[in-house]
Amino acid sequence: MSAAGVASVSVPPLMSVEDAELLSVAEELLARVWQHGRHEVATALRTADGRIHTGVHMEGSCRRSSVCAEGVAMGAARGALPGGAPLGIAAVVSVQIKPAGQFRIIAPCGVCRELISDYCPDATVWVTTVDGDEPVPLRALDLLPEKSRRQW
């Protein structure tokens, strides 16, 4: 399968114009760099200052060396800030390509849920529901019930 001709996700009714831009940016990025087994997820996030940062999943040969798109995007966002400035993330959208040739909004893995909620517990994270197959916004911290809160 190639990324050519992949159908876009329909913008969910609850998605703001700003978050729809994240969806579009993530889809465009994944369409450009997708490689089976290497780069299968793209993330676009918006920081509190309105800037958009992106990341691509980097699969490693020994699995443990793999890095998720969300972590790459968060690192890029943090690197764009001045020293000492807090990382404020407003919204996160991650996409992959379904075997049927359509983009799909996906939920972050457990590690990325931890990472996002560690830095920005109130960030909006778009996920697709398991039951209804509908993209919905959730608060990052709500993705981890009973999360331990570390003091930095």
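What you see is a predicted model; the values in this text were computed from it and never measured.
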Nearest 0.5 Å please: distance from the [atom1] atom of [X] over to the [atom2] atom of [Y].
X: L30; Y: Q35; atom1: CG; atom2: CD; value: 11.5 Å
X: Y119; Y: E114; atom1: OH; atom2: CD; value: 12.5 Å
X: I106; Y: Q96; atom1: CD1; atom2: CD; value: 4.5 Å
X: L22; Y: H53; atom1: CG; atom2: NE2; value: 10.5 Å
X: L45; Y: D19; atom1: CG; atom2: CG; value: 11.0 Å
X: D118; Y: C112; atom1: CG; atom2: SG; value: 11.5 Å

Quick one: do M58 and H39 satisfy side chain to side chain contact (heavy atoms under 4.5 Å, CB included)? Show the steps, please. CA-CA 6 Å; M58 304 292 292; H39 313 298; 3.6 Å; yes
Looking only at side chains, do D49 and T47 share a donor and an acceptor under 3.5 Å apart?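 There is such a pair between these side chains.
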Whether the E27 and S8 side chains hold a donor-acceptor pair (N or O, under 3.5 Å, no angle test) is what I'd like checked.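 Yes, because at least one side-chain N or O of E27 sits under 3.5 Å from a partner of the opposite role on S8.
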Between T128 and E134 (side chain of the first, backbone of the second, donor and acceptor by atom type, cut-off under 3.5 Å), is there such a pair?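 Not confirmed, T128 side chain does not pair with E134 backbone.
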For the pair H57 (side chain) and E40 (backbone), establish whether a donor and an acceptor sit closer than 3.5 Å, ignoring hydrogens and angles.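 It does hold such a pair.
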Crowded around R104 CZ? As in, over 12 foreign heavy atoms under 6.0 Å?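 Counting neighbours around CZ of R104, more than 12 heavy atoms of other residues, nucleotides or ligands fall under 6.0 Å, so yes.
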Find out whether L115 and E70 are in side-chain contact, i.e. whether some heavy atom of one side chain is under 4.5 Å from a heavy atom of the other.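 Not in contact.
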